[in-house]
Amino acid sequence: MLIFDQLKKNDPHLRLLAAIIFVGLTILLVGLWWVQVVSAREYQAHLETQSFQTIRVPAVRGKILDRNGIVLAENRPVYNVNLYLEELRQQFQKEYARLRPKKIVTNSGPFWEKWFGGGSVKTDYVKMTHEQVDDLEWQARYNVAYGAMAEISRELQKPLSLSFAAFKRHYTARLFMPLPLVENIDARDIARFEEQSLNVPGANLDIQSMRYYPYQTTAAHLLGYLHKDNRSDEGEDASFDYRLPDYRGAIGLEYAYDTELHGRAGEKSVLVNSLGYRQSETVWSPVQPGTNIFLTIDLHIQQGVERALKSAAVPQPVRGAAVVMDVNTGDILAMASSPTFDPNDFVQGMTRAEYQKIQSLTAEKNRATQENYQPGSIFKPIVGLACLENGMDPKALYKVQPDPEEPWHGAIFVGRRKIKDTAPPGLYDFKKALIHSSNSYFISNGLSAGVEKIVEMGRRFHLGEPIGLGTLQETAGTFPDAERLSKNWFNGNTANLCIGQGYIDVTPLQMTVVAAAIANGGKVLWPRLVDRMEPQEMGPNDHAIVFPKGRVRDHLGVKRSSLAILENAMLADTEDPEGTAYAAFRNWPHQKTMHVCAKTGTAEIMDTRNRLTGRTTWLLSFAPFEHPRYAVVVMIEDGGSGGGTCAPVARKIYETLVEREQMNVGQGNTVAAN
């Protein structure tokens with residue numbers, strides 16, 4: 001009422017202000033009516049012609065590092081040149097107009113206009129069917145995209161290709177995504193593109209994360225490799241219209257810890273109009289990067305082991321494996337397999353010929369954990385422990401009989417079967433029998449103790465059982481159990497078992513566990529490959545997950561005196577001139593600080609006709625003798641003998657360990673815990 005009373009007064013300024021407000025309100029009401037009533041159908045139709053496309057964005061994969069924080073597997077940026085087709089819409093229209101067929105039309109006027117040059121001539125478009133229009137539109141789009149690709153090819157000075165079928169397939173299904181033209185360009189190409197990119201509308205340089213192994217073949221079998229996998233959505237809530245390139249662990253630690261390394265993918269949506277072009281982009285959930293994994297591997301030791309393995313005196317490429325383990329914690333300090341491969345090739349792609357070469361060499365196979373091998377004479381320490389625990393006197397002499405056909409060699413008859421002995425005839429106690437690797441001695445004493453005692457001792461080392469690495473690279477091996485002993489088991493089978501042949505298969509990692517258990521006083525440890533896991537960016541509430549070391553799987557339960565007898569005999573194998581490993585460790589420069597205990601072995605591989613087809617050579621060892629820290633096992637296929645082929649490799653590995661310890665003294669670190 002007060003407002004109207006004021007308006008009744010003869011105040012022109014107030015009346016003008018009231019009129020302006022009234023007009024403004026009227027315009028606002030009319031606008032609302034126009035939007036909500038008149039234009040409602042238009043806005044509704046506009047919204048119906050738009051849609052959202054969800055895109056899965058892969059997370060940055062966690063790194064794999066050695067025990068000292070040196071990166072063994074990481075991610076590096078890869079630069080790709082892509083073509084954003086939504087930016088070429090005007091070029092598509094211009095090219096279509098250029099390609100559209102035309103005709104000349106002449107309009108004739110009255111006859112007198114002809115006398116004065118009358119009439120008109122004009123250009124008109126030829127009428128086309130719907131199919132012809134559609135084909136011409138496709139051709140126009142392809143011409144523009146191909147021209148852009150050709151220009152980029154000239155700028156980068158490298159041949160590129162874009163087929164019509166590939167372009168049409170992308171345009172039809174993934175128009176809201178950029179069209180990839182060239183991937184993984186180098187620094188020189190990046191510079192060339194950046195200098196000339198303004199000449200190519202729609203072209204852009206995009207960055208993508210790719211797995212990278214900076215040390216190429218180093219620890220390749222342990223790390224494993226990745227396969228391209230854009231389909232998996234484990235642990236993810238949404239279904240996606242499109243997935244950016246992603247990878248999954250195929251084998252090795254990349255597979256075993258894929259969930260932790262992989263992280264969690266993010267999600268973004270692209271608003272697409274009725275023509276299929278992107279309008280806007282929204283990130284709904286950010287990616288959660290994967291976790292970093294720190295291994296127990298020491299890069300310096302790993303590289304030294306791999307060099308030593310490749311130096312074996314056998315035809316190249318060497319087929320073998322070597323493992324170094326901390327006897328007190330179970331930490332694997334190095335695990336090498338040869339031949340090897342470069343895991344980068346599986347990420348970046350390789351030719352069929354390159355992949356066939358890897359297959360022909362069985363280079364993908366981790367010979368340290370994945371292949372069955374007969375142990376030969378490196379099983380004799382287990383037989384010796386069983387006999388010592390059964391009451392065998394280590395000083396009692398056993399006479400090795402001469403081989404009737406080769407009297408300079410020994411032999412033993414089990415029934416009517418002759419088993420040759422490389423040890424010469426003569427008297428042997430336990431120590432001499434071990435360093436000469438006498439088959440006769442261990443078969444005779446093994447038969448006296450009984451196969452049940454030997455099998456029981458082997459079971460305490462958990463032979464014939466998997467370790468549970470989870471890397472898809474493990475075999476349990478074979479080893480007799482009670483059921484097997486009850487079915488067609490004869491003295492000949494026991495004789496074979498006593499010399500590490502017959503019904504027994506092991507892996508180098510399993511025998512490394514055996515060596516460590518002998519060295520540490522009888523604790524059978526779980527091997528440890530991963531030390532801890534940490535987030536890529538440690539927050540105040542984040543913490544590392546540390547895997548316990550020194551996990552005991554079993555106890556041998558043998559007398560300390562039995563282990564001492566065995567350890568002294570293994571020491572003599574490298575330091576007694578009669579020992580099978582003595583030649584390799586003669587003049588060992590570090591003998592005062594690192595006495596090495598060892599047992600060599602050679603297992604013969606026979607075919608179905610009992611013909612020799614090859615040998616598996618071994619060396620099982622640990623050091624230092626006084627306070628053991630390291631267990632080292634070397635296995636090489638088709639070697640000459642354990643002492644001649646594997647022992648020199650083991651010596652080089654121990655030289656690497658000494659070198660590493662000397663480096664750590666200066667840094668105040670330790671490699672293996674006492």
Side-chain angles (χ1 to χ4, degrees), residues 66-68 219 221-222 253 294-306 308-309 320-337 366-370 373 375 378 381-382 461-463 465-469 471 473-474 477 506-531 547-554 556 567 570 594 596-599 618-625 627-635 646 649-658 660-661 664 670-674:
D66 86 333
R67 67 189 298 118
N68 301 306
H221 294 91
L222 183 60
L253 291 173
F294 290 78
L295 307 183
T296 60
I297 297 296
D298 184 292
L299 176 61
H300 182 83
I301 298 174
Q302 178 73 28
Q303 291 176 325
V305 170
E306 292 183 6
L309 188 60
V323 182
V324 180
M325 179 176 174
D326 183 329
V327 304
N328 299 296
T329 65
D331 284 2
I332 301 298
L333 302 176
M335 181 187 291
S337 178
N366 188 346
R367 286 170 163 81
T369 61
Q370 201 175 357
Y373 296 101
I378 64 167
I382 297 177
F461 288 99
H462 291 269
L463 297 180
E465 301 176 26
I467 292 174
L469 300 176
T471 59
Q473 299 169 300
E474 184 177 10
V506 298
T507 68
L509 179 58
Q510 287 176 326
M511 296 312 293
T512 308
V513 173
V514 169
I518 295 171
N520 65 29
K523 293 182 294 184
V524 182
L525 301 174
W526 289 99
R528 196 174 77 124
L529 287 170
V530 177
D531 176 61
F547 294 87
K549 60 176 64 176
R551 292 172 56 223
V552 178
R553 187 177 188 179
D554 207 342
L556 295 181
E567 291 166 358
M570 293 177 67
M594 188 172 285
V596 177
C597 304
K599 179 68 190 82
W618 294 86
L619 183 124
L620 178 146
S621 66
F622 61 87
F625 167 71
H627 301 287
R629 294 190 296 276
Y630 310 106
V632 175
V633 168
V634 178
M635 182 282 305
C646 296
V649 173
R651 171 173 170 155
K652 293 179 180 179
I653 293 174
Y654 280 110
E655 288 173 352
T656 297
L657 292 171
V658 172
R660 189 62 172 130
E661 286 194 345
N664 285 332
T670 58
V671 177
N674 289 325

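All figures in this text were calculated on a predicted structure; none of them were measured in a lab.
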Minimum side-chain heavy-atom gap Pro624-Arg629 below 4.5 Å: yes
Minimum heavy-atom distance between Val513 and Pro527, given as atom pair plus value: CG2-CG, 3.7 Å
Residues in side-chain hydrogen bond (donor to acceptor under 3.5 Å, both in side chains) contact with Thr507, at least two apart in sequence or another chain: none
Distance (rounded to the nearest 0.5 Å) between Thr512 OG1 and Gln510 CD: 9.5 Å
Spacing of Ser337 atom OG and Leu222 atom CG [to the nearest 0.5 Å]: 10.5 Å
Residues which pass salt bridge (charged side-chain N to carboxylate O under 4.0 Å, His left out) with Glu474, listed by chain and number, not counting sequence neighbours: none
Expected output: side-chain Asn520 to main-chain Gly522 donor-acceptor under 3.5 Å: yes
Minimum heavy-atom distance Met511-Leu463, with the two atoms named: SD-CD2, 4.4 Å
Rounded distance (nearest 0.5 Å) linking atom CE of Met325 with atom CG of Leu529: 9.5 Å
Distance (rounded to the nearest 0.5 Å) between Ile467 CD1 and His462 NE2: 10.5 Å
Sub-4.5 Å side-chain heavy-atom contact between Leu620 and Met570: yes
Salt-bridge criterion met for Asp331 and Arg67 (N-O under 4.0 Å): yes
Side-chain heavy-atom pair Ile378, Met635 within 4.5 angstrom cut-off: no
Heavy-atom pair of closest approach, residues Ala336 and Val305: CB-CG1, 3.8 Å
Contact summary for Val633 and Pro508, nearest pair of heavy atoms: CG1-O, 3.9 Å
Stepwise side chain to side chain contact (heavy atoms under 4.5 Å, CB included) check, Tyr630 with Ile301: CA-CA 12 Å; Tyr630 310 106; Ile301 298 174; 5.5 Å; no
Residues that Gln303 engages under side chain to side chain contact (heavy atoms under 4.5 Å, CB included), provided they are two or more places apart: Tyr215, Thr218, Leu299, Arg307
Lys523: partners by side-chain hydrogen bond (donor to acceptor under 3.5 Å, both in side chains), with sequence neighbours left out: none
All side-chain hydrogen bond (donor to acceptor under 3.5 Å, both in side chains) counterparts of Gln302, not counting sequence neighbours: Glu306
Partners meeting side chain to side chain contact (heavy atoms under 4.5 Å, CB included) with Glu567 (sequence neighbours left out): Ile518, Arg560, Leu563, Phe622, Phe625
Partner residues of Asp531 under the salt bridge (charged side-chain N to carboxylate O under 4.0 Å, His left out) criterion, sequence neighbours left out: Arg528
Which residues share a salt bridge (charged side-chain N to carboxylate O under 4.0 Å, His left out) with Glu465, sequence neighbours left out: Arg459, Arg553
Flag, side chain of Thr296 to backbone of Ile332, donor-acceptor distance under 3.5 Å: yes
Identified side-chain contact (heavy atoms from CB on, under 4.5 Å) partner of Leu253 from the options Ile297, Leu469, Leu295: Leu295
Evaluation steps, side chain to side chain contact (heavy atoms under 4.5 Å, CB included), between His221 and Thr471: CA-CA 10 Å; His221 294 91; Thr471 59; over 6 Å; no
Side-chain donor or acceptor of Thr369 paired with backbone N/O of Gln473 under 3.5 Å: yes
Euclidean distance, Leu657 CG relative to Asp298 CG, rounded to 0.5 Å: 9.0 Å
Partner set under side-chain hydrogen bond (donor to acceptor under 3.5 Å, both in side chains) for Arg367, not counting sequence neighbours: Thr362, Glu637
Closest heavy-atom pair and its distance - Val524, Phe461: CG1-O, 4.2 Å
Those residues that, when tested against Ala368, pass side chain to side chain contact (heavy atoms under 4.5 Å, CB included) (two or more places apart): Ala321, Val323, Met335, Asn366
Atom of Ser621, atom of Tyr654 and distance for their closest heavy-atom approach: OG-OH, 2.8 Å
